[in-house]
Structure formats: C-alpha cells, structure tokens
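This report concerns only the one structure given below.
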Amino acid sequence: MAPLSRTFFARPAADVAKDLIGATLLVDDVGGLIVETEAYDQKDPASHSYVGRTARNASMFGPPGHAYIYRSYGLHWCINFVCGAEPLGSAVLIRALEPATGIEVMRQRRGNVLPRLLCSGPGRLSQALGVTGTLDGQPLDRAPFSVLSRTAETPVVRGPRIGITRGIEAPWRFGLAGSAYLSRRFQ
DNA sequence: ACCGCGATCATCT
DNA sequence: GATGATCGCGGTG
C-alpha cells in the first residue's frame, strides 16, 4: 500500500470519494479500511463551503490532501479530506471504516461497544481514531495521518447522501458493496 | 424495525 | 433564537 499523493486529491470530490473506497486511513496507527464516503463541493447547497469561505470552513478552501475537521451537533467531530482543483471548496466526508489496526485502543475510546459500531458513522470513527479539531488543516501525508491506496479492485455502490436537508437528490454517497461496517445500508 | 428525543455548541438570523 | 454532513437510548409494533 502506497501513501496517496496530493495529485490523487486534486480532482473532483465525487471522483475522489469513489476512489477512496477500499483505501486505508490511520491516525497514529489506529484505523482501517474506508468503506463509506460522501462528496461535497462549492456549488452544492448541502456543503459547508456553499456560503463561501468562513472561519469554520477555511480548510476546505486550502490545498487538497489536507484534513477539514468540524464539530457536528455540538458533540461529535467529523473528518473530511480536502480535494478538488479549481474551484476550491470541495471535500470528502469519511463516513465509515472497517476497523483493522488498533482495535483495542478504539474500544477504550468508544466504550465496550459491538465491533461493527466502532467506526460505522462519521462521529463514531472520529472518536475511535482520536480525531479532534486540533488536526483541522493538517496534511494527510504526514504524521499522525496515513492514507494508503487500496490494493485490489473494489465493488463500489452509490446513492443519496445521509442526514442533509438540501441537495438530497445528488448520488454522492459511496460505499463498499456488501460491507457490514456501513453506517446504513444502500437502497 | 422504526420513531422520537435529548445532548451540546458553533454559526448564523 | 434556530439550525445542523450525529449518536445513543428508550419506547412501541
């Protein structure tokens, strides 16, 4: 598995989101296989970048291959990979992982919960990997991050995104077909 | 299985 | 004062 290069991320968000399925995300050697993603871009009414650059979304307008991390509902952290060429303001939300390494650490952080609930959701996986706002804007090709390319061809399914009230029709959610670690099933 | 709700806070009206 | 790219729990069918 090779680290994903910055050029990998310098493409439209939907392309990156699809190609991230099957890749590996680690934070300080805790993480696993990416099984669910969603794409957001600046023209998208569901996107944080839709209203233009603000203090919160500044990382979305920075260089590709960096993290955009925000707080959700005042409680949870969620991690995105900034991507796209011009125009800026696009990112991929990482929604679910299949846990692979550091599972004991995940269990300590998440509480003694069923394995399939460790990383099945953007807030859950951020908690399991110890992701907080201090990593917002940090590059993905350096510690503590490691994002590694997938090793085999991967069957990808797609559908509408979850938990949004605008842009609900766009099929910009991607998943590993048949995975038991999705936050919700497709179709 | 589905539904409703409370937690908690940055951002915006 | 309301809203959200969420989660976990407790109720009901």
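All chains are named by letter (A, B, ...) in the order of the sequence lines, taking the proteins before the strands, and each is independently numbered beginning at 1.
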Query raised in the report: Nearest to the side chain of A:Tyr73 - B:dC9, C:dG4, C:dG8?
Result: C:dG4
**Report entry** Among C:dC7, B:dC12, C:dG8, the one nearest A:Thr54 by side-chain distance
**Finding:** B:dC12
Requested in this report: Give a yes or no on whether a salt bridge exists between A:Asp44 and A:Arg166, defined as a side-chain N under 4.0 angstrom from a carboxylate O.
Outcome: no
Query raised in the report: Could you give the CD-to-C1' distance, from A:Glu169 to C:dA5, as a whole number of Å?
Result: 15 Å
Report task. Answer yes or no: side-chain N or O of A:Tyr70 and base N or O of C:dA5 forming a donor-acceptor pair under 3.5 Å. Result -> yes
Query raised in the report: Could you state the CH2-P distance from A:Trp77 to B:dA7, rounded to the nearest angstrom?
Result: 21 Å
Report summary line: Atom OH of A:Tyr50 and atom C1' of B:dT11 are separated, to the nearest Å, by 18 Å
Query raised in the report: Can you tell me how far C1' of C:dA5 sits from CD of A:Gln42, to the nearest Å?
Result: 16 Å
Report task. Between A:Leu117 and A:Tyr68, just flag the one whose closest nucleotide in DNA chain C comes earlier from the 5' side. Result -> A:Tyr68
Query raised in the report: Does the side chain of A:Arg173 get closer than 4.0 angstrom to OP1 or OP2 of C:dA5 through an N or O atom?
Result: no
Report task. Quick one: label A:Arg184 by what it contacts on the DNA or RNA (base, sugar-phosphate, nothing), any heavy atom closer than 4.0 Å. Result -> nothing
Report summary line: Of A:Ile164 and A:Arg124, the one whose nearest nucleotide on DNA chain C sits closer to the 5' end is A:Ile164
Query - Between A:Ser179 and A:Glu98: side-chain donor-acceptor atoms closer than 3.5 Å - result: no
**Report entry** Atom-to-atom span, CG of A:Asn57 to C1' of B:dA10 - whole angstrom
**Finding:** 13 Å
Query raised in the report: Any idea which of C:dT6, B:dT11, C:dA5 is nearest the A:Ser72 side chain?
Result: C:dT6
Query raised in the report: Mind checking whether A:Tyr70 and A:His48 have ring centres under 6.0 Å apart?
Result: yes
Query raised in the report: So which nucleotide does B:dT8 pair with, by the Watson-Crick or G-U wobble rule with both distances under 3.5 Å?
Result: none
Query raised in the report: Does A:Asp136 pair with A:Arg56 as a salt bridge, N-O distance under 4.0 Å?
Result: no
Query raised in the report: Of the nucleotides B:dC12, C:dT6, B:dC9, which has the atom closest to the A:Arg71 side chain?
Result: B:dC9
Query raised in the report: A:Leu75 near the nucleic acid: base, sugar-phosphate alone, or nothing, with a heavy-atom cut-off under 4.0 Å?
Result: base
Query - ring centroid sep under 5.5 Å plus plane angle under 30, A:Tyr40 with C:dA5 - result: yes
**Report entry** Distance in angstrom units between A:Ile94 CD1 and C:dT6 C1', rounded
**Finding:** 16 Å
Report task. Answer yes if the side chains of A:Arg109 and A:Gln127 hold a donor-acceptor pair under 3.5 Å, and no otherwise. Result -> no
**Report entry** Partner nucleotide of C:dA5 by Watson-Crick or wobble geometry (both distances under 3.5 Å)
**Finding:** none
Query raised in the report: Which whole number of Å gives the distance between the C1' atom of B:dA10 and that of C:dG8?
Result: 22 Å
Query raised in the report: Within this structure, what is the CZ-to-P distance between A:Arg53 and B:dT11, rounded to whole angstrom?
Result: 14 Å
Query raised in the report: Within the structure shown, what part of the strands sits under 4.0 Å from A:Arg161 by heavy-atom distance: base, sugar-phosphate, or nothing?
Result: nothing
Query raised in the report: Which whole-number value in Å describes the distance from A:His48 NE2 to C:dT3 P?
Result: 16 Å
Query raised in the report: Atom CD1 of A:Ile79 and atom CG of A:Leu135: how far apart are they, to the nearest 0.5 Å?
Result: 7.0 Å
Query raised in the report: When we call it a touch if two heavy atoms are under 4.0 Å apart, what does A:Ser183 touch: a base, just sugar-phosphate, or nothing?
Result: nothing
